[in-house]
Amino acid sequence: MTRRYFGTDGIRGTVGEYPITADFMLKLGWAMGRVLDKQRGRAKVLIGKDTRISGYMFESALEAGLSAAGVDVSLLGPMPTPGIAYLTRTFRADAGIVISASHNAYQDNGIKFFSAEGTKLPDEIEMRIEDELEKPLETVPADRLGKAVRINDAAGRYIEFCKSTVPHRLSLHGLKIVLDCAHGATYHIAPNVFRELGAQVSLVGADPDGLNINYRVGSTHPASLRAAVIERGADLGIAFDGDGDRVILVDADGREVDGDDILYLIARDRHSRGELGGGVVGTLMSNFGLAAALEALAIPFERAKVGDRYVMERLAANGWQLGGESSGHIVCGHVQSTGDGIVSALQVLSIMVSQGQSLAALLRDFEKAPQALVNVRLTPGTDKQALLESEPLRNSVAAVEEELDGSGRVLLRPSGTEPLIRVMVEGRPRFDVTALAQRIAADVERLMN
């Protein structure tokens with residue numbers, strides 16, 4: 001069935017533009033409440049948010065809608081997305097709601113749902129919510145209205161959980177760390193986690209004002225963190241995105257360490273100890289070098305479509321625990337039910353401490369393939385799928401793949417949000433991947449004319 005509102009990561013858009021409006025959120029809360037009521041009877045839902053100013057408005061609207069459907073609400077306040085997933089489980093709630101637009105600017109916002117198990121809602125439940133949205137809002141009798149409470153110790157509970165995901169004897173004493181909280185949901189969580197484990201912590205992007213979330217800071221803008229790490233002589237830097245489910249690291253020399261690097265480090269370490277629990281799931285955008293390095297270690301590797309939802313689906317299907325995206329969304333299924341920036345960073349720090357090596361030293365033998373990405377803007381009326389399946393374009397791709405001769409790969413992917421075809425080529429350093437990508441992109445442009 002076709003989704004009307006839900007995308008691969010919930011509902012997201014510009015604040016004030018339908019459906020990211022107060023009236024829609026009221027109805028959305030009610031619709032979810034109706035679905036839960038039919039499934040479970042009297043239900044309880046947790047609501048958390050990041051630091052963008054519109055979160056106050058949507059929190060109130062969702063609370064009212066849920067109450068009108070007879071659902072009790074627990075308000076968490078600013079809380080990282082993975083923290084909401086964890087607390088949904090520990091409070092035995094029937095669902096969790098995240099108000100966040102992740103790495104987007106403050107003008108955007110969105111809604112994500114978690115199941116009682118702290119995982120993304122199944123497609124079937126999202127479709128039921130969409131069906132309820134088409135019905136008129138009816139309030140339950142006054143004696144059945146939902147009640148709302150605020151959980152004042154939510155941050156402390158999640159801080160303790162994060163610390164519990166590494167060995168209890170782990171000490172970060174002697175490590176100088178710079179944290180970039182993206183002026184987002186980790187600003188009051190991450191500093192306490194790393195300080196309580198003994199690290200010397202300094203901060204970037206930890207002063208949210210409702211309007212500065214992700215602005216020139218965070219995992220999508222690591223330049224500020226790189227500069228701070230070098231200037232302050234830190235051992236490493238850690239950057240989260242606005243809702244805290246992604247993480248990017250920076251080593252002592254200012255070199256960026258992305259999700260592919262992090263996946264490799266965690267996979268190699270857990271494999272060496274016989275604790276990996278299967279293989280690793282990446283995405284279509286995961287670097288060729290990651291696949292080659294895992295193959296050399298005899299670790300199975302599988303690519304999912306881009307998006308954490310698809311990574312989670314393949315992990316569940318295979319019964320594996322570790323997966324993620326190069327953007328820094330890492331799922332450490334042995335300790336957490338969803339991507340968690342703080343937890344992922346702690347896994348790497350635990351490896352650094354246990355092996356007594358710097359981040360750069362741990363990655364010394366990991367060679368990623370150079371990668372080139374060219375975006376081709378489509379002319380109006382172009383059928384993206386027909387273009388991608390055309391014989392001339394398939395021949396163009398096949399010619400480049402023949403040149404790469406198994407030491408690289410080509411990926412053509414239509415954008416889900418813009419009229420673009422993304423052309424990606426990666427290969428061993430001996431190949432000019434930029435020239436190869438531009439050659440295919442030129443063929444795409446010719447086929448549109």
Side-chain angles (χ1 to χ4, degrees), residues 1 3-6 10-13 15-16 18-50 54-79 81 83-100 109-155 157-158 337-338:
M1 295 178 65
R3 298 165 183 262
R4 296 184 292 277
Y5 302 107
F6 286 93
I11 303 170
R12 188 182 301 183
V15 174
Y18 192 81
I20 310 301
T21 59
D23 56 334
F24 179 84
M25 294 302 169
L26 174 72
K27 190 74 176 290
L28 180 64
W30 175 82
M32 183 185 197
R34 289 269 296 178
V35 172
L36 290 174
D37 185 68
K38 291 177 181 178
Q39 280 187 316
R40 303 168 182 264
R42 188 79 178 190
K44 178 171 71 174
V45 172
L46 269 58
I47 301 178
K49 59 186 180 181
D50 65 21
S54 57
Y56 295 97
M57 175 173 67
F58 295 139
E59 179 186 58
S60 298
L62 287 163
E63 176 190 341
L66 287 161
S67 176
V71 174
D72 294 328
V73 179
S74 296
L75 302 172
L76 304 175
M79 179 64 54
T81 290
I84 298 164
Y86 164 72
L87 292 169
T88 298
R89 298 196 311 272
T90 60
F91 275 97
R92 308 299 192 269
D94 298 286
I97 299 178
V98 180
I99 306 169
S100 175
N109 215 331
I111 302 295
K112 291 186 279 193
F113 293 109
F114 284 113
S115 70
E117 292 74 37
T119 57
K120 297 291 177 67
L121 282 186
D123 291 347
E124 177 192 358
I125 302 301
E126 290 184 348
M127 294 306 296
R128 289 185 191 175
I129 293 172
E130 291 204 349
D131 288 342
E132 293 293 334
L133 282 166
E134 301 304 310
K135 300 175 183 178
L137 192 154
E138 297 177 351
T139 303
V140 298
D143 61 345
R144 289 193 55 225
L145 289 171
K147 299 178 181 179
V149 297
R150 188 164 293 279
I151 300 175
N152 294 316
D153 63 344
R157 287 172 180 258
Y158 180 54
S337 63
T338 190

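Computed over heavy atoms, backbone and side chain alike; hydrogens, waters and symmetry mates excluded.
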Fill in: CG on D23 to CE on M25, rounded to 0.5 Å
9.5 Å
Worksheet item: How close do G96 and T88 get, heavy atom to heavy atom, and via which atoms?
Response: CA-OG1, 3.4 Å
Discussion item. I need the minimum non-hydrogen distance between E63 and V73, along with the two atoms involved.
Written reply: O-CG2, 4.3 Å
Fill in: Rounded distance [0.5 Å steps], CG in N152 versus CZ in R157
10.5 Å
Item to complete: Check whether any side-chain heavy atom of I111 lies under 4.5 Å from a side-chain heavy atom of L62, and answer yes or no.
Response: yes
Practice prompt. Compare every heavy atom of R42 with every heavy atom of D94, then report the nearest pair and how far apart it is.
Written response: OD2-O, 4.3 Å
Worksheet item: Taking only residues two or more places apart in sequence or in another chain, which ones pass ring-ring contact (aromatic ring centres under 6.0 Å, His included) with Y86?
Response: F161
Fill in: Heavy-atom pair with the smallest gap, counting every atom of S337 and R89
OG-NH1, 2.8 Å
Discussion item. Is it the case that the side chain of N109 and the backbone of S100 share a donor-acceptor pair, with hydrogens and angles ignored and the cut-off at 3.5 Å?
Written reply: yes
Fill in: Contact check, side chains of L87 and I151, non-hydrogen atoms, under 4.5 Å
no
Worksheet item: Do L133 and R4 come within less than 4.5 Å of each other through their side chains, counting heavy atoms only?
Response: no
Worksheet item: Below 4.5 Å, heavy atoms only, C-beta onward: do I97 and M32 meet side chain to side chain?
Response: yes
Fill in: Atom of L36, atom of A95 and distance for their closest heavy-atom approach
CD1-CB, 4.2 Å
Fill in: F6: ring-ring contact (aromatic ring centres under 6.0 Å, His included) partners, not counting sequence neighbours
F113
Worksheet item: Less than 4.5 Å apart, any side-chain heavy atom of I20 and any of I11?
Response: yes
Practice prompt. Could you tell me whether the side chain of Y158 reaches within less than 4.5 Å of the side chain of L76, counting heavy atoms only?
Written response: no
Worksheet item: Taking all non-hydrogen atoms of both residues, which atom of A22 and which atom of A61 are closest, and how far apart?
Response: O-CB, 3.5 Å
Discussion item. Any side-chain to backbone donor/acceptor pair from K49 onto F58? Under 3.5 Å, distance only.
Written reply: no
Worksheet item: Can a donor-acceptor pair be found between the side chains of T119 and E117 at a distance below 3.5 Å?
Response: no
Worksheet item: How would you list all residue pairs meeting side-chain hydrogen bond (donor to acceptor under 3.5 Å, both in side chains) that involve residues 138-148, not counting sequence neighbours?
Response: D37-R144
Discussion item. Any carboxylate oxygen within less than 4.0 angstrom of a Lys/Arg side-chain nitrogen, looking at E132 and R128?
Written reply: no
Item to complete: May I ask you to decide if the ring planes of F24 and Y5 are parallel, tilted or perpendicular, using 30° and 60° as cut-offs?
Response: tilted
